[in-house]
Engineer: 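Let me begin by handing over the structure; questions about it come next.
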Amino acid sequence: MSIDLLLKGGKAFVDGELLPVNIGIAKETIASITAHGEPVKAKRTVNVSGMWLLPGLVDVHSHHREPGFTHKEDIITATRACAAGGVTVSVGMPNVSPPPTTAKILKDIFALYRKKSLIDYNMNPSATKLEEIPKLKKMGILSYKVFMGVDTGRSYPHMPGIGVHDHGKILSIFEEVAKTNLPIMVHPHDQELMDVIEKQFWDKGQRDYRAYAKAYSAYDGAMWDTAVGVLLNLQRATGVHLHLLHMQTERSLEMLKQAKDEGRKVTAEVNPWALWLSNDWKTVERLGSYALSYYVPPHHSDAVRRAILDGTVDVIATDHAPHTKAEKERGWKDGWKAHTGTPSAQYYLSLLLNDIHEGTMTVQRLVELTASEPARIFRLYPQKGVIRIGSHADIVAVDPDKKTTITHKSVLSKCGWTPFAGRKLRGVPIHTLVRGQFVYKNGKVVGKPGYGKLTKPINS
Ligand SMILES: [Zn+2]
């Protein structure tokens, strides 16, 4: 077989460890893995000595904002940020307009991605219309999504039409999704508890970003735990594969672990904000709504950290959630008027690499959490999520020792800001390849809109 491109002189993550090997790529796939000294004939060679070659990141939870909210982000800007962050598959979430609640709407959205995405993609449609659930599966989706709540005081990001908090309706959705054998992702939320908790703050005249942060974490996270408890019970009742989003409390993680120990089909994800951002009150005070997604008090964040290392949590996905500065500024006065969520696709790999230097992450867990486990859970493995012969050549080359300071200026996302500005990190993506082609090279985006392909489950 003729090798088109040889990545030479680096260490690649192969069979669970970093090995000094050269990676040969033929067309879209990995064709050879050879020792450094072994001669390989290749049309083109790129020297990656000093770098680690890791499987491209598979981000199963990202908000690309198109169609409908392209003043915040669009498919091109989002996937440019992904390319720079080492993400080779990015899966959109359905809070766009119109939201993909039907196969017909999803088809139109896929047409946008086909024209615009720099990297491979999919979209998790909203499972709110029971009769559409089997039709959506036929479109090649990886998973369904339900937001278990609706925002109060604002119309975005958790708008009416895709929020479901009626337990009976969730039961019916789970039963229908179980028949498809695909997972369902749920953002846990207990609307009735939240209605009461919010009112307690508002009645005291407390509406700013601090009140917002405290409301969501009130009663030591009872709102999250109650929702996760309900979801796990409905999972048990239906046998659906439940993928829990936004894990952020100690008790939720205990419940998750128990369900897993019982052998149930439950998986879960953690997002960057719970690890590096809103787990620190000083950061919340400094950045206000710019730091919120949700406030995760330190004892909960410590539990999250343990759960990603011991395998209780399977996936780190970005929950990349760009909003404009104007949409965040409102939060200083009224946290409920600011749009919740934080952008992160471009920098989470650097944050994880920095954690390896700090001794709080290992390269093995990094690869599992960001690539091989999401690929396995959503049935892309071993086409994606692994460096092995025959797999897609989706590779990120990182310089593990290069130092960087994150700046707003470096942001590729349309929102133009990052909550991580000012962080000094060690470990930077240098090149990203999607199916054998550079989409990011020597620190520059070189991918073209329309290169990305719909990535479908390979064995459903
Ligand atoms: Zn999200």
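Remember, it's a predicted structure, so these values are computed and weren't measured experimentally.
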Engineer: Where is the tightest heavy-atom contact between I33 and I23, given as atom of each residue plus distance?
Structural biologist: CG1-CD1, 3.9 Å
Engineer: Determine whether a donor-acceptor pair (N or O, by modelled atom type, separation under 3.5 Å) exists between the side chain of K328 and the backbone of L292.
Structural biologist: yes
Engineer: Donor-acceptor check, side chain of H431 to backbone of N442, threshold 3.5 angstrom: yes or no?
Structural biologist: yes
Engineer: Mind checking side chain to side chain donor-acceptor pair (under 3.5 Å) for S252 and listing every partner two or more places apart, or none if nothing turns up?
Structural biologist: D225, T249
Engineer: Judged by modelled atom types alone, do H243 and T267 share a side-chain donor-acceptor pair under 3.5 Å?
Structural biologist: yes
Engineer: Answer with yes or no whether the side chains of T342 and S293 bring together a donor and an acceptor at under 3.5 Å.
Structural biologist: yes
Engineer: Whether the S410 and Y347 side chains hold a donor-acceptor pair (N or O, under 3.5 Å, no angle test) is what I'd like checked.
Structural biologist: yes
Engineer: Which of parallel (below 30°), tilted (30 to 60°) and perpendicular (above 60°) describes W332 and Y290?
Structural biologist: tilted
Engineer: Check this for me, if you would: do K453 and E28 make a salt bridge, where the nitrogen-to-carboxylate-oxygen distance has to be below 4.0 angstrom?
Structural biologist: yes
Engineer: Mind checking the CG-CD1 spacing from N233 to I170? Nearest 0.5 Å is all I need.
Structural biologist: 12.0 Å
Engineer: Run the ring-ring contact (aromatic ring centres under 6.0 Å, His included) test against Y295 and tell me which residues pass, sequence neighbours left out.
Structural biologist: W281
Engineer: Tell me every residue that passes ring-ring contact (aromatic ring centres under 6.0 Å, His included) with H339, counting only those two or more places apart in sequence or in another chain.
Structural biologist: Y156, H323
Engineer: In plain terms, say whether K214 and D208 are close enough for a salt bridge, that is, a side-chain N and a carboxylate O under 4.0 Å apart.
Structural biologist: no
Engineer: Is the shortest side-chain N to carboxylate O distance from R376 to D314 below 4.0 Å?
Structural biologist: no
Engineer: About how many Å separate OG of S289 and NZ of K333, when rounded to the nearest 0.5 Å?
Structural biologist: 13.5 Å
Engineer: Do the side chains of T340 and Y216 get nearer than 4.5 Å, heavy atoms only?
Structural biologist: no
Engineer: Quick one: do the T318 and D59 side chains pair a donor with an acceptor below 3.5 Å?
Structural biologist: yes
Engineer: According to the ring-ring contact (aromatic ring centres under 6.0 Å, His included) rule, which pairs have a member within residues 88-128, sequence neighbours left out?
Structural biologist: H64-Y113, Y113-Y121
Engineer: Return the minimal non-hydrogen interatomic distance between A178 and V240, and the atom names on each side.
Structural biologist: N-CG2, 3.7 Å
Engineer: As a quick check of understanding, evaluate side chain to side chain contact (heavy atoms under 4.5 Å, CB included) for V87 and Y348, giving each step before the final call.
Structural biologist: CA-CA 10 Å; V87 180; Y348 75 123; 3.7 Å; yes
Engineer: Is it the case that K441 places NZ or CZ above or below the six-membered ring of F438, under 6.0 angstrom from the centre and within 45 degrees of the axis?
Structural biologist: yes
Engineer: Can a donor-acceptor pair be found between the side chains of W276 and N354 at a distance below 3.5 Å?
Structural biologist: no
Engineer: Closer than 4.0 angstrom, basic N to acidic O: yes or no for D394 and R435?
Structural biologist: no
Engineer: Strictly by modelled atom types, are E269 and H61 linked by a side-chain donor-acceptor pair under 3.5 Å?
Structural biologist: yes
Engineer: Does W273 have any ring-ring contact (aromatic ring centres under 6.0 Å, His included) partners at least two apart in sequence or in another chain, and if so, which?
Structural biologist: H246, Y294
Engineer: Go through the side-chain N and O atoms of S301 and N279 and say whether any donor and acceptor fall under 3.5 Å apart.
Structural biologist: yes
Engineer: Give the intermediate values and the outcome of side chain to side chain contact (heavy atoms under 4.5 Å, CB included) for residues Y451 and K116.
Structural biologist: CA-CA 8 Å; Y451 174 72; K116 298 187 173 191; over 6 Å; no
Engineer: If the test is side-chain contact (heavy atoms from CB on, under 4.5 Å), which one of V439, T432, L118 qualifies with V445?
Structural biologist: L118
Engineer: When you check the gap from the basic side-chain N to the acidic O, do K337 and E327 get nearer than 4.0 Å?
Structural biologist: no
Engineer: Which pairs pass ring-ring contact (aromatic ring centres under 6.0 Å, His included) with one or both residues in residues 77-105, sequence neighbours excluded?
Structural biologist: none
Engineer: Using a strict cut-off of less than 4.0 Å between a Lys/Arg side-chain nitrogen and an Asp/Glu carboxylate oxygen, indicate whether E262 and R264 qualify as a salt bridge.
Structural biologist: yes
Engineer: T324 and side-chain contact (heavy atoms from CB on, under 4.5 Å): which single residue from E329, H71, E73 fits?
Structural biologist: H71
Engineer: Does the ring centre of W336 sit less than 6.0 Å away from the ring centre of Y212?
Structural biologist: yes
Engineer: Can you measure from CG (L425) to CZ (R423) and round to the nearest 0.5 angstrom?
Structural biologist: 7.5 Å
